[in-house]
Amino acid sequence: MNLSAHFTLGELTASQWAARNGYDNTPSDPALANLKRTAAFLEQVRGVLDNLPVHVNSAYRCPRVNAAVGGSKSSAHMDGRAADIVCPEFGPPVEVARAIYASGLPFDQLILEYGWVHVAIARESDEPRRQVLTKASAAAPYVPGIVG
């Protein structure tokens, strides 16, 4: 099922962890509505990145999968509002993060993580915060801004 021109439901719900452990990672109707919004936002991100392919490492995670992979208890992944992405043809994650930030896109959260970029959209009722953080490793704390 296509959620947008370049992003499918399968791509935004794929979870190796869920598949290996037999977890059902099917989104609820509200999460599916958010995934459609996230896919539309990822189309905008793709435009910022010279219309190059954006690869989604992780997007929707049911609460059980989110807990199993060590996700935040308030993770936007659980309601379909976040995606961890890379765009190798554009450049390393730090360049992707800088381009998204510089674009002025209305993200809620942009996190340069160790090997990918986490982007999240705001709830429909909220204004995007445009919060920007870096997490250099699993053990490192989050620091403000894009560091790297």
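The chain is numbered in sequence order, starting from 1. The figures here come from the full heavy-atom set of this structure, side chains too, leaving out hydrogens, waters and symmetry mates.
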- With distance as the sole test, does Lys135 use its side chain to make a donor-acceptor pair with the main-chain N or O of Tyr114 at under 3.5 Å? no
- Query: Taking atom CG of Leu12 and atom CG of Asn34, what is their separation to the nearest 0.5 Å?
  - Reply: 12.0 Å
- Item | Flag side-chain contact, heavy atom, 4.5 Å: Leu110 against Val117 | yes
- Message: How close do Asn25 and Tyr60 get, counting heavy atoms only, and between which atoms?
- Response: ND2-O, 3.1 Å
- Task: Determine the minimum heavy-atom distance between His118 and Ala82, stating which atoms define it.
- Result: CE1-CB, 3.5 Å
- In terms of hydrophobic clustering (I, L, V, M, F, W, Y; side-chain heavy atoms under 4.5 Å; direct or indirect links), are Leu49 and Trp116 co-clustered? no
- Item | Side chains of Val54 and Val119 in contact at under 4.5 Å (non-hydrogen atoms) | no
- Query: Between atom CG of Leu35 and atom CD1 of Ile121, what is the distance when rounded to the nearest 0.5 Å?
  - Reply: 8.5 Å
- Please round to the nearest 0.5 Å and tell me the distance separating atom OG1 of Thr38 and atom CZ of Phe7. 10.5 Å
- Any chance you could lay out the side chain to side chain contact (heavy atoms under 4.5 Å, CB included) test for Val96 and Val45, step after step, and finish with the verdict? CA-CA 9 Å; Val96 170; Val45 168; 5.6 Å; no
- Is the CG atom of Asp29 crowded by more than 12 outside heavy atoms at less than 6.0 Å? no
- Backbone N/O of Leu52 and side chain of Asp50: donor-acceptor pair under 3.5 Å: no
- Is it true that Asp79 and Arg37 make a salt bridge, defined as a side-chain N closer than 4.0 Å to a carboxylate O? no
- Query: Going by heavy atoms in the side chains, are Pro53 and Arg46 under 4.5 Å from each other?
  - Reply: yes
- Query: Do the side chains of Pro88 and His55 get nearer than 4.5 Å, heavy atoms only?
  - Reply: yes
- Message: Tell me the closest heavy-atom pair linking Ala39 and Leu3, and the distance in Å.
- Response: CB-CB, 3.7 Å
- Look only at the side chain of Ser58 and the backbone of Asp84, and say whether a donor-acceptor pair between them is shorter than 3.5 Å. no
- Query: Yes or no on side chain to side chain contact (heavy atoms under 4.5 Å, CB included) for Ile146 and Val132, after CA distance, side-chain angles and deciding distance?
  - Reply: CA-CA 7 Å; Ile146 298 172; Val132 180; 3.5 Å; yes
- Task: Examine Ile111 and Leu42 and state if one hydrophobic cluster contains both, with Ile, Leu, Val, Met, Phe, Trp and Tyr joined whenever side-chain heavy atoms are less than 4.5 Å apart.
- Result: no
- Does Pro27 reach the side chain of Leu9, with side-chain heavy atoms less than 4.5 Å apart? yes
- Task: Measure the spacing between CD of Glu43 and CG of Asn51 and express it to the nearest 0.5 Å.
- Result: 8.0 Å
- For Gln16, does the CD atom sit with more than 12 other heavy atoms under 6.0 Å from it, leaving out its own atoms? no
- Task: Calculate, to the nearest 0.5 Å, the distance between atoms NZ and CE belonging to Lys36 and Met1 respectively.
- Result: 4.5 Å
- Would a hydrophobic clustering, with Ile, Leu, Val, Met, Phe, Trp and Tyr connected at side-chain separations under 4.5 Å, put Phe90 with Ile100? yes
- Query: Is the backbone N or O of Lys73 less than 3.5 Å from a side-chain atom of Asn66, with the two atoms forming a donor-acceptor pair by type?
  - Reply: no
- Side-chain donor/acceptor of Ser75 to backbone N/O of Ser72, under 3.5 Å: no
- Query: How many angstroms lie between NE2 in His77 and OG in Ser15, if you round to the nearest 0.5 Å?
  - Reply: 11.0 Å
- Is Val69 reachable from Tyr142 through a run of I, L, V, M, F, W or Y residues, each pair having side-chain heavy atoms under 4.5 Å apart? no
- Message: Membership question, hydrophobic clusters at under 4.5 Å side-chain separation (ILVMFWY): are Ile85 and Leu133 in the same one?
- Response: no
- Message: Any heavy-atom pair between the side chains of Gln44 and Val48 that's under 4.5 Å?
- Response: no
- Below 4.5 Å, heavy atoms only, C-beta onward: do Arg130 and Tyr101 meet side chain to side chain? yes
